[in-house]
Structures are given as structure tokens and as C-alpha cells.
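A note on names: the letters A, B, ... follow the listed sequences, proteins ahead of strands, and every chain is numbered from 1.
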Amino acid sequence: MSPNAARRARRSRFGAPLPTSFFDRPTEWVARDLLGAILSCHANGTVTNGRIVEVEAYLGPDDPACHAAVGITKRNRHLHGPPGTAYVYRIYGMHWCVNAVTREVGHGSAVLIRALEVVDGLETARERRRGVVRDRDLANGPGKVCQALGITGVHDGLRLERGSLQLRKGAPVSDDDVMVSPRIGISKAIDWPLRYFVRGSANVSRPPQRLEEWPLATVPKALRPSS
DNA sequence: ATCCGGATCGCCT
DNA sequence: GGCGATCCGGATG
């Protein structure tokens with residue numbers, strides 16, 4: 001795909017890239033508002049787009065589950081970059097995970113993109129996720145998101161407002177369709193309610209059965225992330 | 001120099 | 001639900 005064709009593919013169906021000001025807000029707000037947004041990756045000559053249905057907030061050095069809790073290192077240096085930066089890291093030796101950096105420079109907070117619905121480049125995503133039978137399983141987990149969209153370490157530190165990895169405005173998700181739960185796969189701060197996902201989405205990752213979850217509407221208004 | 005555990009996934013039972 | 005794959009950052013000696 002030529003650069004012009006890639007630009008057209010992105011403009012055809014979706015809104016503008018989210019501006020830096022979108023990311024320069026409390027991380028819980030950014031996380032909640034990323035539901036419904038479009039993650040767009042141009043890799044190996046093809047654009048793949050996905051509608052985000054599940055995210056987690058990681059709240060900087062004082063959040064024991066956040067990579068910033070160990071300070072600034074070579075691995076996590078872009079987590080401490082300006083809002084709107086991509087932080088991509090390898091986990092368990094074999095998977096990539098992608099985050100959007102939030103708040104002010106050096107805060108060390110970010111939103112992990114955990115699941116999405118592939119809405120463009122479906123054939124490419126299926127090839128990358130060879131062996132997967134159902135489309136709903138293409139990107140229902142953070143490692144799968146990166147594999148389906150072709151996101152790797154080369155995207156670490158890129159700005160999400162432009163370039164080969166972008167976050168773009170999509171159809172907003174109303175409070176009534178947002179669910180909240182603790183985060184998945186961590187061993188510290190295991191009860192912090194910082195996972196947000198779209199109610200009823202078939203593309204959400206399958207958490208442990210006993211994981212508690214609540215409608216966002218039941219969260220007291222003062223504590224509710226909303227724009 | 002060595003050890004440990006991880007923001008996971010897919011296959012097995 | 002259990003487990004192996006597979007590798008690196010960070011901590012410890």
C-alpha cells in the first residue's frame with residue numbers, strides 16, 4: 001500500500017487523530033474515553049484498524065503494578081515520555097503490549113490497550129493470527145492486539161497523533177455501556193478497579209471467572225472517570 | 001554471574 | 001484450570 005493509499009484508508013471511515021490534549025488528562029479518564037476509539041497501525045505495507053473495547057489504567061510510580069514503579073529504565077523510558085507517546089514492551093519473552101502514555105511529561109502513567117474489534121484489514125489480521133478460527137478471538141487480549149495489528153518494538157516511543165501507529169476518534173461509548181473491574185494478570189494492587197470494557201462486547205478478553213465487575217453507572221459520580 | 005518473575009497465549013485435560 | 005513456551009529487566013551476590 002502506498003503512503004497515499006494508507007492515508008486514504010485511514011480517512012475514509014474514521015475521525016481525526018486524538019490530540020495531545022486528549023492524553024494530557026487523568027489516566028482513568030483517558031482510559032474510559034479510549035473505549036470506542038480506533039487504533040490504527042500501518043505495518044508491512046498494510047493498514048489495520050481496530051475499535052477499542054477493553055483497556056486498563058496504570059497510574060505511575062505510586063501504582064505498584066505500573067512499570068514506572070521501578071523508576072526510569074532503558075525498557076520503560078518511553079512510558080515517561082510526553083502524553084500521546086506509544087509505550088510498547090515485550091512480556092513473557094514472546095508477546096508485545098501497547099500503551100498510550102498519559103498526563104504530563106515524566107509522570108510515568110499510561111493506558112494498556114487490552115482488546116479490540118478489527119474493523120479494517122481483516123484479512124491481514126487473520127494471516128497474522130494464523131490458526132485462529134473465530135474473528136472475535138483475533139484481538140481479545142493485549143498480546144493478540146499487537147499481533148493482529150503488527151505492533152512491535154519498532155513502534156515503541158512513537159507519537160500516536162501521527163505516523164505509523166495512531167489513535168483516532170471513533171464512536172463514543174456511553175456510560176451505560178461501560179463496565180469496570182480490577183486489572184488482569186498482575187500480582188500487586190490486585191483490587192484497584194482500573195479495567196474498563198464495553199458491556200456485552202464479544203471481543204473483550206476472557207478474565208478469571210470470579211473477577212468482580214461493576215457497571216460504571218454504579219461508581220459514585222465523584223469517582224467516575226468521564227469527560 | 002546468576003536468579004526470578006512477569007500488564008500472556010494456546011493447548012491440554 | 002493448569003502448564004509450558006521463551007526472554008529480558010532488575011535485583012542480588
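Here the P atom of nucleotide B:dG10 and the CG atom of A:N140 are 8 Å apart, to the nearest Å. With rounding to whole Å, A:R206 atom CZ is found 14 Å from B:dC11 atom C1'. Rounded to whole angstrom, the span from the CH2 atom of A:W96 across to the P atom of C:dC8 amounts to 9 Å. Between the CE atom of A:M94 and the P atom of B:dC11 there is a distance of 13 Å, rounded to whole Å. One atom, CD1 of A:I151, and another, P of B:dT8, lie 16 Å apart when rounded to the nearest Å. Between the CD atom of A:E56 and the C1' atom of B:dG6 there is a distance of 14 Å, given to the nearest Å. Protein atom CZ of A:R75 is 7 Å distant from nucleotide atom P of B:dA7, rounded to whole Å. Computed from coordinates, the A:I91 CD1 to B:dG5 P distance equals 14 Å when rounded to whole Å.
Helical stems of DNA chain C (runs of at least 3 Watson-Crick or G-U pairs, donor-acceptor distances under 3.5 Å) are listed by first residue: B:1-6 with C:7-12, B:8-12 with C:1-5.
Checking A:R128 against A:Q147 by side-chain atom types alone, no donor-acceptor pair falls below 3.5 Å. Between the side chains of A:R168 and A:S40, no donor N or O sits under 3.5 Å from an acceptor N or O.
Residue A:T73 has no polar side-chain atom (N or O) positioned under 4.0 Å from OP1 or OP2 of C:dG9. Taking only side-chain nitrogens and oxygens, A:K74 never comes nearer than 4.0 Å to OP1 or OP2 of C:dC8. Phosphate contact (OP1/OP2 of B:dG5, side-chain N/O of A:S187, threshold under 4.0 Å): absent.
In this structure, the nucleotide among C:dG10, B:dA7, B:dT8 sitting nearest to the side chain of A:N76 is C:dG10. Here B:dA7 is the nucleotide among B:dC9, B:dA7, C:dT6 with the atom lying nearest to any side-chain atom of A:H67. Side chain of A:K144, nearest nucleotide from C:dG10, B:dA7, B:dG10: B:dG10. Closest contact between the side chain of A:R129 and the listed nucleotides B:dC9, B:dG10, C:dG9 involves B:dG10.
Backbone-only engagement by A:I186 is indicated by non-hydrogen atom pairs under 4.0 Å involving sugar-phosphate atoms exclusively. A:R114 comes within 4.0 angstrom of sugar-phosphate atoms only, judged by non-hydrogen atoms across all strands, and of no base.
Applying the 6.0 Å contact sphere to CD1 of A:I190 captures no more than 12 heavy atoms from other residues, nucleotides or ligands. Heavy-atom neighbours of A:R77 CZ from other residues, nucleotides or ligands within 6.0 Å: above the threshold of 12.
Across A:R183 and A:A57, no two heavy atoms sit closer than the pair NH1-O, 3.0 Å.
At least one side-chain heavy atom of A:D135 sits less than 4.5 Å from a side-chain heavy atom of A:L122.
Remark: aromatic rings of A:Y58 and A:H67 are distant, center separation not under 6.0 Å.
Donor-acceptor pairing under 3.5 Å, judged by distance alone, is absent between the side chain of A:Y92 and the base of C:dA5.
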Applying side chain to side chain donor-acceptor pair (under 3.5 Å), run through A:S201 and A:E117 and close with a yes or a no. CA-CA 9 Å; A:S201 170; A:E117 171 193 0; over 6 Å; no
